[in-house]
Amino acid sequence: MQLRPRGLTAALLVSVAGAAPALASEELQNICSSCHTAEENGLSRISGQRKSPEGWMMTIVRMQQSHGLEISAEDRRAIVQHLADTQGLAPSEAAPFRYALEKDPNAQESFDEPFASMCSRCHTGARGLLQNRTAEEWELHMDFHVGHFPTIEYQALGRDREWYKIARTEIAGFLAEQNPLETAAWTDWQAAEKQPVAGNWVVMTDLPGIGEAYGKLTVTGDASPYQVSGEFVTADGTVHPASGQMNLYTGYEWRANLDIGGTPYRQVLALSEDGNSLQGRQFDRGNDALGAPLSGVREGAGSVILGTVPSAVPAGEAQVQVVGTGLDGLDASAGEATANTFGAALSLAAEGNGVVTFSAGGAEGQIAHYTSVDSLRVEPEFTIARVGGGSDEGPAAVPAYFNAVGMWNGSDGEAGTEDDVRIGRVEAQWTVANAHEHAAHMKDTEFSGVMQANGIFLPAIAGPNPDRPFSANNAGELTVQAEAMGQQAEAMLIVTVQRFIDPPIR
């Protein structure tokens, strides 16, 4: 049974403010030993598991909710830090499932049976695989599910089989082999020299509803919580100041809460093993569906090109920021380049359709300039939004964020084939249409929400709607349509119901 996802599903953690230094094992025992007994390697149950920072936070919160644990917020943050540092996941162990930690709303996952229907029918498969346990702990984990969720054996895909028997004999055994407590990856990572995170980082991302952006973040401090300050700059030169705090877990797990231009953002990033690059996702803390990938490089880490802002430009005069570090003397096939604090500024005066290439110190990049495109692509091609609001108690609506990407046909002259050339993001006009005949009958375009000019779909209010047949809620199935330069493209959007339970790992 293969448990690496063939595709990729949708994740948040602790507020980093005021996190205490990692606790010594004796202090951990003072807080947890009233329920967990001492063992040779630590405390019962705890010593047989390794998890992500989010996983350990979920465990402690469950101890509070289900077992009456009394613990201060400061101690809880400190325990998460300690356990993530000493019983966490190696970078290679977490890498296949980072989409769940990053709460990526557009990721899709697919697992083989019986894991798919036994485990990922209730939560993402990633949630189960972002942890390592002893064989005994995996068996106890199956018992935990029955104890805490006794109806699991009577739900669909549970009642049609001997769920507990399969869980105990097949799933627990396989996971014990697939995700054991002791691995070479974790042993090697524990022994590896961890690189300091403090310093200057050149970064590139997208601020939903605002646009592509580059910037610099300065990290100061000797331990969590680190202080973070800096700025993000959009293609038109608008500066969005950034400040906040960051915790670094397990030597590479970057979790930051930042204010960027007045909007609270969350960063769930991974530091590379050499300590010189960052990869992950940044999203609006009030609505994690509004986010984008973020990449970063440590200032001074050789010559590195992350990309350009904007990612593509209409033909004519244009100012482009080549984002990276060590780009003094950037050599471009057209235009003039001048090194700056974010990499190098490139001034272009390009005609027609074409590509400008550039390089510095072995790092290479390019940007397309265009007067026309052969086709468009809407990204993501499929996603969901959720109705919301309507009461003081219910969850807020969850929007969806789309971008239009221009494409040129490759050498085969055909659109939609593997040799197509990606130009980059282009300005488009956005509309929605009913996805099929039943959606038209239910008037989904009228009731399910509104598509904004910036590519953000805002779902309608939650709750029964007396204006719809059967007083149905405002769910719907829509086709998102983009049009630019005479070309059109579509994506599928499902507007569904609220998510009332939203744990750090879904």
Side-chain angles (χ1 to χ4, degrees), residues 10-12 99 102-108 204-213 232 234-236 238 240 258-268 281-294 309-312 376-390 394-406 424-435 439 444-462 474-484 488-499 502:
L12 190 66
Y99 59 90
E102 296 169 4
K103 290 184 175 284
D104 185 348
N106 308 319
Q108 301 175 48
M204 186 173 73
T205 188
D206 178 14
L207 302 176
I210 299 175
E212 297 168 312
F232 287 82
T234 51
D236 63 1
T238 302
H240 301 263
L258 303 183
D259 179 287
I260 302 176
T263 299
Y265 278 88
R266 177 74 171 169
Q267 292 179 335
V268 179
R281 185 168 180 266
Q282 175 178 278
F283 50 84
D284 188 322
R285 284 177 61 192
N287 209 319
D288 54 58
L290 297 179
L294 182 147
V309 173
S311 56
L376 286 181
R377 177 183 299 168
V378 176
E379 296 179 350
E381 296 180 353
F382 169 82
T383 193
I384 65 171
R386 295 180 183 272
V387 298
V398 177
Y401 181 39
F402 297 91
N403 285 303
V405 176
R425 281 176 54 174
V426 298
E427 293 295 323
Q429 291 74 50
W430 295 95
T431 55
V432 292
N434 294 306
D444 287 352
T445 55
E446 180 178 343
F447 293 109
S448 294
V450 177
M451 191 71 190
Q452 295 186 313
N454 58 9
I456 295 177
F457 178 84
L458 296 179
I461 198 168
N474 288 318
E477 297 180 70
L478 301 173
T479 300
V480 175
Q481 301 171 325
E483 182 174 355
Q488 295 181 331
E490 296 182 345
M492 184 66 184
L493 172 64
I494 304 296
V495 184
T496 187
V497 297
Q498 297 153 290
R499 178 191 284 116
D502 193 11

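All values below were derived from every heavy atom in this structure, side-chain atoms included, with hydrogens, water molecules and symmetry-related copies excluded.
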Tell me the closest heavy-atom pair linking [X] and [Y], and the distance in Å.
X: Ala491; Y: Pro380; value: CB-O, 3.4 Å
X: Gly424; Y: Ala312; value: CA-CB, 3.9 Å
X: Ala482; Y: Val378; value: CB-CG2, 3.7 Å

Can you measure from [atom1] ([X]) to [atom2] ([Y]) and round to the nearest 0.5 angstrom?
X: Ile456; Y: Leu458; atom1: CD1; atom2: CG; value: 7.0 Å
X: Glu490; Y: Thr479; atom1: CD; atom2: OG1; value: 5.0 Å
X: Asp259; Y: His240; atom1: CG; atom2: NE2; value: 12.0 Å
X: Phe283; Y: Leu294; atom1: CZ; atom2: CG; value: 12.0 Å
X: Leu493; Y: Glu381; atom1: CG; atom2: CD; value: 14.0 Å

Check whether the side chains of [X] and [Y] place a donor and an acceptor atom closer than 3.5 Å, and report yes or no.
X: Thr383; Y: Asn106; answer: yes
X: Thr234; Y: Glu212; answer: no
X: Thr431; Y: Gln481; answer: yes

Who are the side chain to side chain contact (heavy atoms under 4.5 Å, CB included) partners of [X], not counting sequence neighbours?
X: Ile494; value: Phe382, Ile384, Glu477, Met492, Thr496
X: Ala439; value: Asn434, His436, Asp444
X: Thr263; value: Tyr265, Asp284
X: Glu427; value: none

Are side-chain heavy atoms of [X] and [Y] found at a separation under 4.5 Å?
X: Arg266; Y: Arg285; result: yes
X: Val495; Y: Phe457; result: yes
X: Leu478; Y: Ser448; result: yes
X: Phe232; Y: Thr205; result: yes
X: Leu376; Y: Glu483; result: no

Any residue meeting side chain to side chain donor-acceptor pair (under 3.5 Å) with Asn287, in chain and number order, not counting sequence neighbours: none

Ala484 backbone acceptor or donor facing Gln429 side chain under 3.5 Å: no

Listed pairs under 3.5 Å, donor-acceptor, residues 395-405 side chains, sequence neighbours left out:
residue : atom : partner : partner atom : Å
Tyr401  : OH   : Asp206  : OD1          : 3.4
Tyr401  : OH   : Asp206  : OD2          : 2.9
Asn403  : OD1  : Arg425  : NE           : 3.3
Asn403  : OD1  : Arg425  : NH2          : 3.1

Enclosure of Arg386 CZ (heavy-atom neighbours >12, cutoff 6.0 Å):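 Enclosed.
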
